[in-house]
Amino acid sequence: KKLSLLVCGGAGYIGSHMARMIAEAGHDVTVFDNLSTGHLEALKWGKFIKGDLRNQDDLDDAFQDTEFDAVFHFSGLIVVSESVEKPFEYYDNNVTGTINLLQAMRKYGVDKFIFSSTAAVYGDPVMDMITEDHPLKPLSPYGRSKLYVEEILQDYAEAYGFDSACFRYFNAAGAHPDSRIGEAHSPETHLIPNVLLSCIDEGRRLKIFGDSYSTPDGTCVRDYVHVQDLCSAHLKALNFINENKGAHVFNLGNGQGFSIIEVIKAASQVIGREIGFDFEPARSGDSPRLVADSSKAADLLGWEPEFDNLTSIIETAYRWHKKPAF
Ligand code: UDP
């Protein structure tokens with residue numbers, strides 16, 4: 001069946017890949033985005049409504065003309081360290097904005113919701129391979145803003161019959177292999193783009209935040225997962241919540257941890273040159289190690305990442321960063 005889907009935050013990094021994948025799967029897609037961090041140039045698929053989740057009139061604009069089958073919600077502020085400095089902005093955008101969106105959904109009778117959460121909800125983990133039932137103790141306002149929405153969705157499932165899937169992304173990375181869209185943050189705070197940019201832009205030197213974490217080489221360990229694989233999980237989740245009522249939570253990661261030094265080595269091989277760096281003090285709010293056990297998504301959704309090794313992820317990111325279209 002051809003579906004009509006709303007993608008909030010569809011001008012952003014993951015949202016634009018999602019809007020494209022929905023369109024290429026033959027469904028109708030509408031993007032809702034305030035363009036605060038997103039890019040108009042990324043909106044090559046579907047219809048676009050410029051609006052802010054904190055403005056009810058903007059939400060009415062999105063919902064009044066189209067009967068959506070489901071809403072995918074990618075809008076949000078995402079920089080851990082910034083959230084420590086600016087908690088209001090994080091709670092206002094990520095929590096108030098989401099509550100408004102859910103309210104608009106109730107008003108227009110839409111009750112299927114897929115939400116971008118984060119591995120940051122686990123804080124400083126006590127498990128090597130984190131499963132969804134790991135204790136939730138976020139270290140930052142960013143992580144808490146995502147956890148609060150997860151909890152709200154549990155209540156909405158109970159009270160209003162909302163069916164939802166929350167995806168706890170580990171570290172999203174890579175770009176669509178044809179490099180028409182990719183990762184473009186300003187300023188860029190993420191590791192893989194910064195590693196690549198330090199090679200591409202002369203005079204831009206890579207900083208490594210923290211060298212004495214409790215990890216084998218002292219730098220933080222992360223689980224990098226390709227943006228296309230994140231998006232494919234969302235489409236599978238839509239089928240799943242249509243058949244399984246309630247609020248569901250899934251980890252999305254490759255299940256392999258790489259330290260910052262290991263990421264630099266892998267990137268250096270892809271690019272074919274040495275990458276210089278300096279150590280800087282650790283950022284506040286960073287976990288030493290975040291690695292996913294994603295067997296729940298594999299078992300219940302039939303999710304299988306296509307880009308299951310770091311090199312292939314970095315290759316697609318490099319293709320984009322060499323020649324970004326925006
Ligand atoms: N990081 C770094 N240099 C950079 C960007 C990130 O050392 O230019 C580190 C960061 O402190 C963290 C890891 O790389 O330990 C991954 O950071 P990123 O911002 O990509 O994702 P996060 O895990 O914070 O969501």
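- Minimum interatomic distance between Arg205 and Phe277 (heavy atoms only, all atoms of both residues): NH2-O, 3.1 Å.
- Ring to ring, Phe68 and Phe32 are not that close: their centroids are 6.0 angstrom or more apart.
- The structure places CD1 of Ile271 at 5.0 Å from CG of Leu196, a figure rounded to the nearest 0.5 Å.
- Contact annotation: the side chain of Arg54 approaches that of Asn93 to within less than 4.5 Å [non-hydrogen atoms, C-beta and beyond].
- Side chain of Trp320 to main chain of Glu183: a donor-acceptor pair is present (N/O by atom type, distance under 3.5 Å, no hydrogens or angles).
- Atom CG of Leu6 and atom CG of Leu101 lie 7.0 Å apart (nearest 0.5 Å).
- In this structure, Lys2 and Asp28 have side chains that are in contact, with non-hydrogen atoms separated by less than 4.5 Å.
- Between the Lys107 side chain and the Phe63 main chain, no donor and acceptor come within less than 3.5 Å of each other.
- The closest side-chain heavy-atom distance from Val126 to His134 is below 4.5 Å.
- Side chain of Ser140 to main chain of Gly143: a donor-acceptor pair is present (N/O by atom type, distance under 3.5 Å, no hydrogens or angles).
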* To do: Apply side chain to side chain contact (heavy atoms under 4.5 Å, CB included) to Ser117 and Val149, showing your working.
  => CA-CA 8 Å; Ser117 186; Val149 171; over 6 Å; no
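- A single hydrophobic cluster is seen to contain both Leu153 and Val95, as judged by linkage of ILVMFWY side chains at heavy-atom distances under 4.5 Å, directly or through other members.
- Of all heavy-atom pairs spanning Ala237 and Ala165, the tightest one is CB-CB, 3.9 Å.
- Annotation for Thr215 and Pro288: closest pair CG2-O, 3.7 Å, computed over non-hydrogen atoms.
- Put simply, the side chain of Asp58 does not reach to within 4.5 Å of the side chain of Lys50, judged on heavy atoms.
- When hydrophobic clusters are built by joining Ile, Leu, Val, Met, Phe, Trp and Tyr residues whose side-chain heavy atoms come closer than 4.5 Å, directly or via intermediates, Tyr318 is grouped together with Leu206.
- With rounding to the nearest 0.5 angstrom, the CG atom of Asp163 is 6.0 Å from the CG atom of Asp111.
- No path of Ile, Leu, Val, Met, Phe, Trp and Tyr side chains, each step under 4.5 Å between heavy atoms, connects Val71 with Ile114, placing them in separate hydrophobic clusters.
- Taking the six-membered ring where tryptophan is involved, the planes of Tyr156 and Tyr160 are perpendicular, since the angle between them exceeds 60° and thus also 30°.
- Side chains of His321 and Leu197 form a contact here, defined as non-hydrogen atoms less than 4.5 Å apart.
- Gln56 CD: more than 12 foreign heavy atoms inside a 6.0 Å radius.
- Under the 4.5 Å side-chain criterion, counting only non-hydrogen atoms from C-beta, Arg168 is in contact with Val249.
- No more than 12 heavy atoms of other residues, nucleotides or ligands lie within 6.0 Å of NZ in Lys265, so this atom counts as exposed by the packing criterion.
- Other residues, nucleotides and ligands contribute more than 12 heavy atoms inside 6.0 Å of the CD atom of Glu24.
- More than 12 non-hydrogen atoms from other residues, nucleotides or ligands lie less than 6.0 angstrom from CD of Glu280.
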* Test Lys207 against Asp278 for salt bridge (Lys or Arg N to Asp or Glu O under 4.0 Å), laying out the working first. => CA-CA 5 Å; Lys207 296 173 178 164; Asp278 299 313; over 6 Å; no
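- Residues Leu191 and Asn171 form no side-chain contact, since every pair of their non-hydrogen atoms from C-beta on lies 4.5 Å or further apart.
- Using modelled atom types, one finds no donor on one side chain facing an acceptor on the other under 3.5 Å when comparing Glu82 with Tyr142.
- Annotation for Lys137: atom NZ does not count as buried by contact number, only 12 or fewer foreign heavy atoms lying within 6.0 Å.
- Side-chain heavy atoms closer than 4.5 Å link hydrophobic residues (I, L, V, M, F, W, Y) into clusters, and following such links, possibly through other members, connects Ile49 to Val110.
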* To do: Could you check Ile208 against Ile261 for side chain to side chain contact (heavy atoms under 4.5 Å, CB included), going step by step and ending with a plain yes or no?
  => CA-CA 9 Å; Ile208 297 186; Ile261 300 288; 3.9 Å; yes
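- Thr316 and His226 are linked by a side-chain donor-acceptor pair at a separation below 3.5 angstrom, with hydrogens and angles left out of the test.
- With hydrogens and angles disregarded, a donor-acceptor distance shorter than 3.5 Å links the side chain of Ser268 to the backbone of Arg273.
- No donor-acceptor distance shorter than 3.5 angstrom exists from the side chain of Asp211 to the backbone of Gly218, with no hydrogens or angles considered.
- Taking each heavy atom of Val225 and Leu252 in turn, the nearest pair found is CG1-O, 3.7 Å.
- Separating the CD1 atom in Ile241 from the CZ atom in Phe162 is a distance of 10.5 Å, to the nearest 0.5 Å.
- In this structure, the separation between NE2 on His73 and CZ on Phe167 is 15.0 Å, given to the nearest 0.5 Å.
- Here the closest heavy-atom approach between residue Ile192 and residue Ala173 is recorded as CD1-CB, 3.8 Å.
- Of the listed residues (Val31, Asp33, Ile14), just one forms a side chain to side chain contact (heavy atoms under 4.5 Å, CB included) with Phe74, and that residue is Ile14.
- Remark: side-chain polar atoms of Asn244 are paired, donor with acceptor, to backbone N or O of Phe240 under 3.5 angstrom.
- Minimum heavy-atom separation, Glu315 to Val270: CG-CG1, 3.9 Å.
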* Should Gln228 and Glu306 be marked as a side chain to side chain contact (heavy atoms under 4.5 Å, CB included) after you check the CA-CA gap, both sets of side-chain angles, and the distance that decides it? -> CA-CA 8 Å; Gln228 290 286 103; Glu306 195 187 321; 5.8 Å; no
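- For the ring pair (Phe, Tyr, Trp, His ring centres under 6.0 Å) with His234, the qualifying choice from Trp303, Phe113, Tyr169 is Tyr169, the only one to do so.
- Ion pairing between a basic and an acidic side chain is recognised when a charged N comes within 4.0 Å of a carboxylate O; Arg289 and Asp128 show such pairing.
- Rounding to the nearest 0.5 Å gives a distance of 10.5 Å between OG of Ser83 and CD of Glu89.
- Of the possible polar contacts, none joining the Asp286 side chain to the Cys220 backbone as a donor-acceptor pair under 3.5 Å is found.
- Checked by atom type, the side-chain pair Tyr108/Asp60 shows a donor-acceptor distance below 3.5 Å.
- Asn254 places no side-chain N or O within 3.5 Å of a backbone atom of Gln256 that could act as its donor or acceptor partner.
- For an aromatic pair to be called close, the ring centres must be under 6.0 Å apart, and His17 with Phe72 fails this.
- Annotation: His190 is not in aromatic contact with Tyr13 [ring centroid separation under 6.0 Å not met].
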* Using the side chain to side chain contact (heavy atoms under 4.5 Å, CB included) rule, take Ile99 and Tyr148 through it: C-alpha gap first, then chi angles, then the decisive distance, then the call. => CA-CA 10 Å; Ile99 292 172; Tyr148 297 156; over 6 Å; no
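- For Lys86 and Tyr90, the positive end is not near the middle of the six-membered ring at less than 6.0 Å and at most 45° from its axis.
- Residues Lys112 and Asp69 are not paired through a salt bridge, judged by the lack of any N-O separation under 4.0 Å between the basic side chain and the carboxylate.
- Note on Met18 and Leu301: same hydrophobic cluster, where clusters join Ile, Leu, Val, Met, Phe, Trp and Tyr whose side-chain heavy atoms are under 4.5 Å apart, directly or indirectly.
- Side chain of Asn94 to main chain of Ser145: no donor-acceptor pair is present (N/O by atom type, distance under 3.5 Å, no hydrogens or angles).
- Looking at heavy atoms from C-beta onward, Cys199 lies in side-chain contact with Ile275 at the 4.5 angstrom threshold.
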